[in-house]
Amino acid sequence: MESNDVEEEEFGFSRNYFLAKELCGSGKKSARKLSEIGVVDEQELRDAYTKIESKHEKEIGDLVSSYRKSYSEWAFVLRCGFGLLMYGFGSKKALIEDFASTALTDYSVIVINGYLQSVNLKQVAVTLAELLWDQLKIHRKSTSESQPKSQQPFNTRSMDDLISFLDGPHSEDDECFVCVLVNNIDGPGLRDSETQQYLSRLAACSHIRMVASIDHVNAPLLWDKKMVHTQFKWYWYHVPTYTPYKVEGTFFPLILAHSGSAQSVKTASIVLQSLTPNAQSVFKVLAEHQIAHSEEEGMPFNNLYTICRERFLVSSQITLNAHLTEFKDHDLVKTRRNADGEDCLYVPLTSEALQKLVQEITQ
């Protein structure tokens, strides 16, 4: 009797299930589309975000300040040849930069912002080699040792040659090293396997010390055992700050928001402000030409080089190419061909947005 009841119950459930599916299928499909959803402009959403009142500022400030007593320990760990990896909830950008400006004043420091959409690692390696070269010359001069022999320009060397120099057998100059601060080593600009391999090789160099932060829960999956223990040689520190990711979030589009031209101008302005004055001036030359000749496909490379050379902004095509590579890495400049088949450079912004950008970098 009981088995019959169970069978009837199961049959009733199955029948009701299929009846429900049939009724749903016979109905009219909705004509609504996701694209029809009215979403707020991204800049408007960000403006509203900035007006949100911060909470627990005193407690957060006290927590971040409490890490200062660990600076001497962190510096000691670096001198011992380990890398520092900071993890924990909240932005750690201000923390590690404060550590560098306080405890690493005797060394050259370079900052890599992994939260940018792209990072030129070759240019990073060139800068590291130039800084180390300057340190070696100063050290040997102060100790009355013979000056190092002249070197081939670093920007013409391959990545492998640069890494070999940074890991060179400068046995008498063991105290000469350059510190690399990587904000968000798990960021979108550094997340691919090839970039992580190059970063680990740089970290393993005898004259390089690395301080990095991570924020993604799966960040350790970027590395294998060899990278962690023999190249990066991470010394992990749990340093939650609970501070908002204001700077890092600037470069990410907000969910359910249209990306307006105002936001593009703001992002481009932030990137340009982080570049050298000469690089900003080169970009301004290109932008002003595009505004004056909006009907053209862009500005030919030779024309840009001629004007920049006349204004003493660049000394060679190599220097100009270095600036353009920086622009292209941050999607500030793109290339397309004109009717004559000539490659032209242009800024992917409207004339109105470009004028606003030029005004901002001129101020």
Side-chain angles (χ1 to χ4, degrees), residues 70-88 92-93 95-97 99-100 103-104 106-115 119-133 135-136 139 154 157-239:
S70 301
Y71 283 3
S72 57
E73 177 190 337
W74 297 354
F76 174 75
V77 171
L78 277 180
R79 285 195 295 271
C80 290
F82 293 94
L84 301 181
L85 187 64
M86 309 299 187
Y87 70 100
K92 291 160 284 294
K93 175 178 168 63
L95 174 64
I96 64 177
E97 290 181 0
F99 164 63
L104 303 178
D106 294 335
Y107 309 101
S108 298
V109 177
I110 181 173
V111 179
I112 302 174
N113 293 319
Y115 50 76
V119 176
N120 187 349
L121 264 194
K122 173 66 181 298
Q123 190 59 43
V124 170
V126 169
T127 304
L128 288 172
E130 290 173 345
L131 290 172
L132 177 60
W133 180 249
Q135 278 195 30
L136 292 173
H139 178 74
F154 291 112
R157 296 191 183 190
S158 67
M159 194 69 172
D160 289 336
D161 288 341
L162 291 169
I163 291 175
S164 296
F165 172 77
L166 294 169
D167 196 30
H170 311 294
S171 57
E172 70 279 12
D173 303 303
D174 288 338
E175 285 301 312
C176 291
F177 59 81
V178 182
C179 296
V180 182
L181 267 60
V182 189
N183 292 310
N184 300 101
I185 196 171
D186 54 342
L190 304 173
R191 200 173 288 167
D192 61 282
S193 176
E194 182 181 4
T195 300
Q196 289 293 328
Q197 289 287 346
Y198 275 124
L199 283 173
S200 64
R201 290 178 63 189
L202 285 173
C205 293
S206 58
H207 294 279
I208 298 296
R209 300 292 184 272
M210 188 170 287
V211 182
S213 66
I214 58 173
D215 288 286
H216 198 286
V217 66
N218 292 324
L221 298 178
L222 293 170
W223 313 305
D224 57 32
K225 189 175 181 180
K226 176 186 175 184
M227 294 167 71
V228 171
H229 295 296
T230 65
Q231 293 180 312
F232 284 121
K233 291 179 284 186
W234 290 131
Y235 200 105
W236 297 65
Y237 281 101
H238 183 223
V239 286

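Worth saying up front: this structure is predicted, and the values here are computed from it rather than measured.
The stretch residues 178-187 participates, sequence neighbours left out, in these side chain to side chain donor-acceptor pair (under 3.5 Å) pairs: E97-N183, N113-N183, N184-D215.
For the atom pair CD1 of I163 and CG of L202, the computed distance is 5.0 Å after rounding to the nearest 0.5 Å. Taking SG of C179 as the start and CG of L131 as the end, the distance is 10.5 Å to the nearest 0.5 Å. Separation of atoms CG (L190) and CD (Q196) is listed at 6.5 Å; rounding is to 0.5 Å. Note that OG of S213 is 5.5 Å distant from NZ of K92, once rounded to the nearest 0.5 Å. Put simply, CG on L166 and CD1 on I208 are 4.5 Å apart, with the number rounded to the nearest 0.5 Å. The line from OH of Y198 to OG1 of T195 is 9.0 Å long, rounded to the nearest 0.5 Å.
Here the closest heavy-atom approach between residue G189 and residue D192 is recorded as O-OD1, 4.5 Å. W234 approaches L84 most closely through the heavy-atom pair CZ3-O, 3.5 Å.
The side chain to side chain donor-acceptor pair (under 3.5 Å) check on K122 picks up nothing, with sequence neighbours excluded. By the side chain to side chain donor-acceptor pair (under 3.5 Å) test, T127 pairs with no residue at all, sequence neighbours left out. By the ring-ring contact (aromatic ring centres under 6.0 Å, His included) test, Y87 is found to be paired with W236, H238, residues two or more places apart in sequence or in another chain being considered. Scored by the side chain to side chain contact (heavy atoms under 4.5 Å, CB included) test, S200 finds Q197, M227, Q231, F232 as partners (sequence neighbours excluded). In this view, S158 and D161 satisfy the side chain to side chain donor-acceptor pair (under 3.5 Å) rule, not counting sequence neighbours. Listed by chain and number, the residues in a side chain to side chain contact (heavy atoms under 4.5 Å, CB included) with F82 are V77, C80, K233, Y235 (sequence neighbours excluded). D106 is linked by a side chain to side chain contact (heavy atoms under 4.5 Å, CB included) to nothing, counting only residues two or more places apart in sequence or in another chain. Remark: Y71 pairs with R68, W74, L95, D98, F99, T102, A103 by the side chain to side chain contact (heavy atoms under 4.5 Å, CB included) rule, at least two apart or across chains. Checked against side chain to side chain donor-acceptor pair (under 3.5 Å), E130 has no partners two or more places apart in sequence or in another chain.
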Where do D167 and R201 land on the salt bridge (Lys or Arg N to Asp or Glu O under 4.0 Å) test, with the steps shown first? CA-CA 9 Å; D167 196 30; R201 290 178 63 189; over 6 Å; no
Working for side-chain contact (heavy atoms from CB on, under 4.5 Å), residues R191 and L222: CA-CA 7 Å; R191 200 173 288 167; L222 293 170; 3.9 Å; yes
Evaluation steps, side-chain contact (heavy atoms from CB on, under 4.5 Å), between I112 and V119: CA-CA 8 Å; I112 302 174; V119 176; 3.8 Å; yes
As a quick check of understanding, evaluate side-chain contact (heavy atoms from CB on, under 4.5 Å) for L199 and L121, giving each step before the final call. CA-CA 8 Å; L199 283 173; L121 264 194; 3.9 Å; yes
Go through it in stages, so that I can follow the logic: the residues are M210 and L78, the test is side-chain contact (heavy atoms from CB on, under 4.5 Å), and I'd like the CA-CA distance, side-chain angles, deciding distance and then a yes or no. CA-CA 8 Å; M210 188 170 287; L78 277 180; over 6 Å; no
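Using a distance-only test at 3.5 Å, with no hydrogens or angles considered, no donor-acceptor pair links the side chain of Q135 to the main chain of V178. R157 places no side-chain N or O within 3.5 Å of a backbone atom of L162 that could act as its donor or acceptor partner. Distance alone, capped at 3.5 Å, is enough to place a donor-acceptor pair between the N120 side chain and the Q123 backbone.
Taking the six-membered ring where the residue is Trp, F165 and W133 present tilted rings, their angle falling between 30° and 60°.
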